[in-house]
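Single-structure report; data block below.
Letters go in sequence order (proteins before strands), and every chain restarts at 1.
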Amino acid sequence: MFAVRLHGRGGQGIVTTAELLALAAFEQSAYAQAFPTFGSERTGAPVAAFCRLDSAPIRSHEPITVPDALIVADPTLFAQVNVLAGLRPDGYLVVNAAGAPAAIADLSGTPARVCLVPAAEIGRRHVGRPVPGTALLGAFAALTGQVTLAALATAIRERFPARLAQGNIDAAEEAYELTRSVAARQVITHA
Amino acid sequence: MLKQIEGSRAVAETVAACRPQVIPAYPISPQTHIVEALAAMVAAGELQPARFVTAESEFGAMSLAIGASAAGSRTYTATASQGLLFMVEALYNASGLGLPIVMTVANRAIGAPINIWNDHSDAMSQRDSGWVQLYARDNQHAADLHVLAYRLAEQCSVPVMACMDGFVLTHAVERVDVPTVDQVDGYLPRYVPRQVLDPEQPYSIGAMVGPEAFTEVRYLAQESLAAALSQLPPLATELERVLGREVPGVLAPYRLDGADTVMVALGSTLGTLADTVDAMRAEGRSVGALGLVAYRPFPLEHVRGALAGARRVIVLERAFSPGAGGPVTADLRPAVRAGVPVHTALAGLGGRPVTSTTLRRVLELALAGELPELSFADLDHDLVDRHLAHVAAGGPAGPTAEGVLRHLNERATTTVAPAPDGAGAGR
């Protein structure tokens with residue numbers, strides 16, 4: 001079982017991002033379960049979504065409190081929500097860090113496997129809007145190896161209309177390559 | 001067809017495969033995605049012949065369903081929470097008229113206080129409405145139960161509620177092998193209504209029945225639901241053959257062999273409970289789980305058999321009857337051998353997650369002989385005590401909801417909130 005918690009703000013597409021991750025896992029014949037936190041969703045308000053990935057059927061329907069990985073779509077959430085709550089010591093952290101890493105709360109003591117990726121900026125370039133989701137998933141794929149880039153692309157094509165799919169696939173690819181690059185590793189070391 | 005799909009969408013596609021002819025509906029969370037999807041299918045001509053009717057209310061939706069069903073159409077609708085309550089009068093008419101309507105209830109709490117989250121208090125408030133109620137443990141089960149529901153409803157002339165946990169299942173994207181039209185066609189015969197309102201041969205239904213025969217009508221309603229209960233196992237078995245997978249129709253037992261302590265539950269909690277049972281079994285603890293799929297008709301004899309080896313029974317209730325206790329416990333008690341303690345543990349009310357930690361805590365208290373007869377799992381005693389102290393001190397009166405929220409805010413600004421403790425004292 002690999003458990004992922006996603007944090008973002010209403011309107012950033014966090015619920016869809018969790019769903020895409022589950023779809024990508026499904027494309028790889030894995031079992032997956034994606035679900036949002038439930039409430040009266042408002043644009044800009046903190047939202048969370050969850051995704052479980054496993055090689056065996058998933059029976060649990062409880063929220064994820066001890067995630068193996070966190071995907072954070074807005075670094076300002078660190079000041080508002082206990083984003084890191086429950087993250088495993090050997091866990092992964094993917095953050096949409098558009099600005100300076102200093103904008104993020106102190107990440108010392110958090111896992112070494114941190115990836116800061118300008119996901120909203122990548123989304124803006126490829127999709128035309130600062131949507132961070134698919135770029136974050138590209139970085140997640142590179143960092144964790146839980147899903148392949150090909151499976152992500154298939155999931156994106158299935159979930160989005162054609163005119164949106166290619167831009168999102170390009171965004172995922174760019175973030176994937178960036179995360180695998182030396183520059184990203186330096187950021188990881190820095191964090 | 002195997003898909004990674006939202007629960008609501010899986011149910012909508014399954015219902016479409018059952019080819020309902022009339023779908024009257026009124027939107028309410030967390031059910032809305034289901035009827036939205038069906039409305040889109042009807043509008044796109046993917047579901048033919050079918051008529052989607054946007055009702056002006058849930059009362060209208062159920063009344064339309066009654067009319068459509070009485071006129072000989074296979075009929076479907078869905079609702080939740082206050083929406084179900086708003087259609088109550090019509091619910092009793094649907095069952096009283098013996099109309100095989102199938103309705104999804106995306107289980108959600110009832111206000112006040114207003115709460116959009118999941119528990120079972122909506123459907124369980126309608127346990128006496130004469131409808132069959134089946135509870136899904138996951139989205140695969142939810143989809144499959146709708147096929148079973150139509151067959152049972154039409155074979156026995158009873159309306160059926162297929163209950164699935166709101167949000168937890170309706171909004172979860174999981175792997176579901178969605179029943180295909182071919183599979184459904186191999187199981188669900190073309191609908192031949194037992195009664196049809198026909199302008200060519202006019203007659204009336206919905207007669208007034210006085211004291212001379214009302215009791216007999218009720219007696220026959222009991223016979224009708226007893227017949228439905230006897231049909232459930234063979235119909236579920238037949239569906240299992242068609243779909244090639246397990247479709248629990250009455251009970252879903254899990255590791256009852258050698259289980260001294262058995263927790264009974266309904267709905268999506270069962271998966272988390274199965275994981276918890278596995279973990280505790282691995283530690284040598286003698287625990288098991290019994291899932292209740294059929295709540296109405298209540299499968300008393302099946303439960304009696306399943307609990308024959310139990311030395312202690314805990315009913316995990318997700319609905320509450322204030323002043324009495326848990327509705328499932330009351331039904332289940334006669335199925336338990338004399339001398340075997342039966343506990344009611346309230347959990348997961350108004351959307352509080354039922355976690356493996358919660359379930360383990362309740363089970364461990366029971367194993368230690370410390371679980372009260374009635375308890376509220378994860379009860380925030382501090383919050384309750386603050387409110388009781390406020391009331392005792394003659395504080396300003398008002399609705400409990402506002403008072404509790406005020407205490408919650410006061411505590412958040414003054415202290416660190418204490419973690420909820422165990423299953424709680426018996427209050």
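For the residue pair B:D165 / B:H120, a side-chain donor-acceptor distance below 3.5 Å is found, with atom types taken as modelled. With hydrogens and angles left out, the side-chain atoms of B:R318 and B:N118 include a donor and acceptor closer than 3.5 Å. In the model, B:S81 has no side-chain atom that pairs as donor or acceptor with a side-chain atom of B:D122 under 3.5 Å.
Your options are B:T355, B:L270, B:T269, B:N139, and the one with the most heavy-atom pairs under 4.5 Å with chain A is B:T355. For the set B:G271, B:G348, B:P30, the count of heavy-atom pairs under 4.5 angstrom toward chain A peaks at B:G271. When A:P36, A:P63, A:A32 are compared by the number of non-hydrogen pairs under 4.5 Å with chain B, A:A32 comes out ahead. Note on B:G351, B:S268, B:G7: by heavy-atom pairs under 4.5 Å with chain A, the leading option is B:S268.
Sorted by first and then second residue, the pairs that involve residues 22-32 of chain A and meet side chain to side chain donor-acceptor pair (under 3.5 Å), not counting sequence neighbours, are A:Q28-A:T148.
Although no hydrogens or angles enter the test, the distance criterion places no donor-acceptor pair under 3.5 Å between the side chain of A:R5 and the main chain of A:C51.
The side-chain heavy atoms of B:W117 and B:L349, taken from C-beta on, include no pair separated by under 4.5 Å. In this structure, B:V264 and B:I314 have side chains that are not in contact, with every pair of non-hydrogen atoms separated by 4.5 Å or more. In this structure the side chain of A:Y92 never reaches within 4.5 angstrom of the side chain of A:L70, judged on heavy atoms. Between A:V72 and A:N96, the closest side-chain pair of non-hydrogen atoms is not below 4.5 Å.
Residue B:S356 touches chain A through both its backbone and its side chain, counting heavy-atom pairs closer than 4.5 Å. Interface remark: B:V168 contributes backbone and side-chain atoms alike to the contact with chain A (heavy atom separation under 4.5 Å). For A:A30, the part lying under 4.5 angstrom from a heavy atom of chain B is the backbone only.
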Side-chain atoms of residues 158-165 of chain A: list all donor-acceptor pairs with protein atoms under 3.5 Å, sequence neighbours left out, distances to 0.1 Å.
residue : atom : partner : partner atom : Å
A:R159  : NE   : A:E19   : OE2          : 3.0

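Close approach to chain A, defined as a heavy atom under 4.5 Å from one of its heavy atoms, is seen in B:L169, B:H171, B:A172, B:V173, B:E174, B:R175 of residues 169-178 of chain B, taken by number. For residues 104-115 of chain B, an interface with chain A (any heavy-atom pair closer than 4.5 Å) does not exist.
Taking the six-membered ring where tryptophan is involved, the planes of B:Y295 and B:Y135 are perpendicular, since the angle between them exceeds 60° and thus also 30°.
Between A:G167 and A:H126, the closest heavy-atom pair is O-CB, 3.2 Å. Here the closest heavy-atom approach between residue B:T79 and residue B:Q31 is recorded as N-CG, 3.5 Å.
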